[in-house]
Amino acid sequence: MNYSYPDDELKPLSCEGRSRGRDSSRGELDSCMGNFSLTLIDGLDTLAVMGHYDKFKEGVNLVLKNTRYDTNLIVSVFEVTIRVLGGLLSSHVISLKLKEMGIFNDYNGGLLAHALDLGERLLVAFNTPTGLPYPKVNLKTKTVVTHSPVTCLACAGSLFLEFATLSHLSRRSEFYDAVSKTMNTLFSYKTSYSLVPSAFHVVTGAVVSYKSGIGAESDSYYETLFKSWAVFQEKKFYEQFKELYAALVNKTSMNGQFFFVNAQSPHPHPGDILDHLGCFWPGLQALAGDLEGAIISYQRYYDVFLKNNFYIPELFKSDGTARDSNYYLRPEFIESTYYLYKATKNVFYIEVGKQILKSIERCKTTCGFATLSDIESITKEDRMDSYFLAETLKYLYLLFATYENSLPYNVDDYIFNTEAHLFLVNQSYFIEAVPPSSFDNSVSPPLA
Ligand code: DMJ
């Protein structure tokens with residue numbers, strides 16, 4: 001807030017903000033940024049989880065006062081949904097809860113109006129013959145980028161919690177209808193091995209990649225299936241998850257490691273490259289009840305962590321040798337550590353948490369935390385993704401808070417989306433939600 005607000009990200013070496021249009025383009029990496037104070041919105045509910053209610057309220061009020069979603073920028077539907085829409089909805093529900101507790105009395109439901117405004121801008125992406133959303137939209141013109149018609153499994157399959165919740169809260173069915181169709185289409189792609197390919201043409205429906213596995217491009221689809229069942233109790237999601245989970249275990253894993261295979265002829269190749277993103281998997285295994293499998297696969301990631309100076313590299317071989325030595329301050333290994341501790345209460349995971357904490361402290365700068373371009377030499381880069389506050393620090397905090405039983409907030413009533421935003425398990429709470437206040441787009445932006 002001191003160095004970068006209202007920009008989307010903090011540059012932790014320069015100690016200034018990063019914003020699209022002003023900073024030089026980093027290509028795809030910038031597609032989560034829409035000049036909507038991304039890091040503030042993504043990090044807001046972390047403040048509430050940690051019990052910093054005054055800071056949380058201050059942040060909510062700043063968003064309500066200053067943030068707009070109609071900038072003339074092309075953004076990623078996936079990134080903006082999980083980070084911004086998810087962040088707004090989560091903070092809205094938390095604000096209602098705090099209002100109920102007499103802590104946030106003047107909250108009038110404004111974040112839901114923001115979520116609706118953003119949701120309407122993203123909704124245009126789903127207008128395809130397949131129901132699979134275009135990966136990119138222009139927020140101002142509400143148009144899709146037609147020359148980018150290929151989406152990935154995670155990109156299309158991780159939007160359900162946010163859009164379905166938006167429908168529940170606003171009592172407008174179009175958001176739910178759109179994501180529901182998307183989920184049906186995606187599941188229909190499963191091959192005779194019950195494996196789902198990872199890239200599709202949103203107009204023709206053609207499969208663009210048969211690569212299948214738990215890592216990049218696919219990861220959060222499986223997470224969303226399970227969590228959508230947990231939040232909305234739609235039994236079909238649980239059945240689908242069970243079937244796909246069994247296939248992933250049987251067809252893509254060897255000795256506790258999960259590989260990428262061809263969905264039409266699956267043979268795991270231990271020589272293949274694995275990714276940091278896949279580290280979320282043991283946590284999901286534990287959450288879904290396969291504790292034995294979770295402990296084994298966690299151990300394999302822990303071996304990689306030990307071999308690489310107490311970091312999980314961005315890419316690595318199955319023997320743990322780094323193939324891409326960046327550490328982008330990602331949360332996945334910590335997320336799994338949290339779930340494994342919660343499920344086992346084994347202090348081993350707390351000890352790992354302490355090692356992770358030390359590694360993260362090595363990324364510290366005078367105004368933030370920096371990604372590493374090399375985990376051996378600890379070479380810092382001027383980059384701090386918004387998920388560092390939304391996820392990495394939240395899971396790290398929760399790990400130790402759960403251990404000490406000192407949580408100010410009952411997180412067990414919630415399921416975390418893939419960006420660690422909170423979604424209430426019992427959706428009946430939403431029926432009584434405050435209706436959205438009006439959101440006037442004709443007013444010029446206060447920060448313009
Ligand atoms: C986050 O934005 C989410 O966890 C997403 O599902 C994957 N990538 C980043 C963190 O690594």
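All ligand and atom numbering here is 1-based and tracks the order in the structure.
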Using a 4.0 Å cutoff against the non-hydrogen atoms of Leu277, which atoms of ligand 1 qualify? 7 (C), 8 (N), 11 (O)

Any atom of ligand 1 sitting under 4.0 Å from a heavy atom of Glu223? no

Is the side chain of Arg20 donor-acceptor paired with the backbone N or O of Ile74 at a distance under 3.5 Å, no angle test? yes

Nearest protein heavy-atom contact for atom 9 (C) of ligand 1: which residue, which atom, what distance? Tyr387 CD2, 3.8 Å

Between Tyr395 and Phe416, how do the two ring planes meet: parallel, tilted or perpendicular, split at 30° and 60°? perpendicular

Is it the case that over 12 heavy atoms from other parts of the model lie below 6.0 angstrom from the NZ atom of Lys307? yes

Examine the proximity of ligand 1 to Asp219 and report which part, side chain or backbone, both or neither, has a heavy atom under 4.0 Å away. neither

Considering all heavy atoms of both residues, which atom of Lys142 and which atom of Val124 are nearest to each other, and what is their separation? O-CG2, 3.3 Å

Starting from atom 4 (O) of ligand 1, what is the nearest protein heavy atom, named by residue and atom, and what distance separates them? Glu391 OE2, 2.6 Å

Using a 6.0 Å distance limit plus a 45 degree cone around the ring axis, check whether Arg383 lies over the aromatic ring of Tyr328. yes

Is there a polar contact between ligand 1 and Glu419, counting only N or O atoms under 3.5 Å apart? yes

Heavy atoms only, cut-off 4.0 Å: how does His276 contact ligand 1, side chain, backbone, both, or neither? neither

Is Lys394 salt-bridged to Asp45, cutoff N-O under 4.0 Å? yes

Lys/Arg cation over aromatic Phe260: Lys211, 6.0 Å, 45° cone: yes

So if I count the atoms of ligand 1 from 1 in the order they appear, which ones are less than 4.0 Å from some heavy atom of Arg83? 2 (O)

Ligand 1 and Glu332, any nitrogen or oxygen pair closer than 3.5 angstrom? yes

At what distance is the nearest protein heavy atom to atom 6 (O) of ligand 1, and which residue and atom is it? Thr418 OG1, 2.7 Å

Which bit of Pro331 is near ligand 1, meaning a heavy atom under 4.0 Å away: side chain, backbone, both or neither? side chain

Applying salt bridge (Lys or Arg N to Asp or Glu O under 4.0 Å) to Lys354 and Glu351, what does each step give before you reach the verdict? CA-CA 5 Å; Lys354 288 181 191 168; Glu351 292 308 315; 3.1 Å; yes

